[in-house]
Amino acid sequence: QVQLVESGGGLVQPGGSLRLSCAASGFAIRTAAMSWHRQAPGKEREWVATISNQANTNYADSMKGRFTISRDDAKNTAYLQINSLKPEDTAGYYCKALSLTMGRVTTYWGQGTQVTVSA
């Protein structure tokens with residue numbers, strides 16, 4: 001019954017911005033580290049950013065500056081703000097939760113939301 005649902009993707013022009021959401025159900029994300037990954041067509045999935053349960057953030061070097069990960073535990077939702085979008089940002093964006101449940105660390109993935117950057 002644990003589920004992560006991404007939303008907020010779509011078609012955007014270069015230079016535009018998007019705010020992706022990852023809504024969790026079946027568990028409370030306040031005890032979980034949340035991450036975003038992306039996968040472009042024909043390429044391997046790459047890590048974008050992580051935010052810990054204490055709101056500490058880490059970013060892939062190539063993502064620093066234009067990407068901001070955040071969380072709202074009251075809404076049980078994590079976010080990824082992307083600014084100055086480039087065509088090379090076109091990818092499926094996936095949310096991941098690393099949750100401690102009953103003393104066990106479990107990883108959950110969402111189904112992804114598509115971001116397409118094109119004029």
Side-chain angles (χ1 to χ4, degrees):
Q1 60 183 1
V2 169
Q3 190 174 11
L4 299 175
V5 180
E6 300 95 332
S7 62
L11 177 63
V12 63
Q13 295 182 348
S17 299
L18 285 174
R19 190 194 192 198
L20 310 183
S21 297
C22 173
S25 59
F27 75 105
I29 71 164
R30 60 178 170 267
T31 61
M34 306 296 293
S35 296
W36 286 93
H37 298 245
R38 71 181 186 182
Q39 187 168 21
K43 297 184 178 180
E44 295 184 355
R45 187 170 297 187
E46 63 178 338
W47 169 65
V48 174
T50 297
I51 184 166
S52 74
N53 62 319
Q54 296 180 329
N56 301 121
T57 59
N58 288 284
Y59 299 89
D61 287 341
S62 60
M63 311 299 173
K64 293 178 180 178
R66 299 188 297 113
F67 292 76
T68 303
I69 189 170
S70 62
R71 63 191 296 148
D72 188 337
D73 291 349
K75 296 182 178 180
N76 221 32
T77 301
Y79 305 93
L80 182 69
Q81 176 74 33
I82 316 175
N83 297 325
S84 302
L85 280 157
K86 304 175 181 180
E88 52 263 43
D89 294 323
T90 296
Y93 284 74
Y94 299 85
C95 178
K96 184 182 79 174
L98 197 68
S99 178
L100 179 61
T101 306
M102 300 298 293
R104 182 177 179 180
V105 176
T106 306
T107 301
Y108 302 104
W109 287 93
Q111 292 296 105
T113 185
Q114 179 67 34
V115 172
T116 302
V117 184
S118 176

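The chain is numbered in sequence order, starting from 1. Just the heavy atoms: all of them, side chains too, but no hydrogens, waters or symmetry mates, feed the values below.
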### Query
Where the side chain of Thr77 meets the backbone of Lys75, is there a donor-acceptor pair that is under 3.5 Å apart?
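Pair found, side chain donor or acceptor close to backbone of Lys75.
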
### Task
Look at the side chain of Arg71 and the backbone N and O of Ile29, then say whether any donor-acceptor pair between them is shorter than 3.5 Å.
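Answer holds: yes.
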
### Query
Would Leu80 end up clustered with Leu18 when hydrophobic side chains under 4.5 Å apart are linked, directly or stepwise?
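Yes, Leu80 connects to Leu18 through the hydrophobic network.
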
### Query
Does Ile69 share a hydrophobic cluster with Val48, counting links as ILVMFWY side-chain heavy atoms below 4.5 Å and allowing steps through other members?
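Linked, Ile69 and Val48 end up in one cluster.
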
Should [X] and [Y] count as side-chain neighbours, where that means a heavy-atom distance under 4.5 Å?
{"X": "Asn53", "Y": "Thr31", "value": "no"}
{"X": "Arg38", "Y": "Val115", "value": "no"}
{"X": "Asn76", "Y": "Phe27", "value": "no"}
{"X": "Trp47", "Y": "Asn58", "value": "yes"}

### Message
Does Val117 form a side-chain contact (heavy atoms from CB on, under 4.5 Å) with Lys86? I'd like the steps, not just the answer.
### Response
CA-CA 6 Å; Val117 184; Lys86 304 175 181 180; 5.6 Å; no

Give the minimum heavy-atom separation between [X] and [Y], together with the two atoms involved.
{"X": "Phe67", "Y": "Tyr59", "value": "O-CE2, 3.2 Å"}
{"X": "Pro14", "Y": "Ala119", "value": "CD-N, 3.6 Å"}
{"X": "Met34", "Y": "Ala97", "value": "SD-CB, 3.6 Å"}

#### Entry: Heavy-atom neighbours of Gln54 CD exceed 12 at 6.0 Å
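Not more than 12 within 6.0 Å, no.
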
### Task
Assess whether atom CZ of Arg30 is packed by more than 12 heavy atoms of other residues, nucleotides or ligands within 6.0 Å.
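No, CZ of Arg30 has 12 or fewer neighbouring heavy atoms, counting only those of other groups under 6.0 Å.
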
### Message
Does the plane of the ring in Tyr94 sit parallel, tilted or perpendicular to the ring in Trp109? Use 30° and 60° as the thresholds.
### Response
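Tyr94 and Trp109: perpendicular rings.
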
### Query
Measuring from Ser84:OG to Asp89:CG, what's the distance to the nearest 0.5 Å?
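So the OG of Ser84 and the CG of Asp89 are separated by 9.5 Å.
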
Would you tabulate the side-chain donor-acceptor contacts of residues 6-13 under 3.5 Å, counting partners in other chains and residues two or more places apart, or write 'none'?
from, atom 1, to, atom 2, distance (Å)
Glu6, OE1, Gln111, N, 3.1
Glu6, OE1, Gly112, N, 2.8
Glu6, OE2, Cys95, N, 2.7
Glu6, OE2, Gly112, N, 3.2

### Message
For a quick check under 3.5 Å, do Ser17 and Asn83 share a side-chain donor-acceptor pair by atom type?
### Response
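A pair is found: one side chain offers a donor N or O, the other an acceptor, under 3.5 Å apart.
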
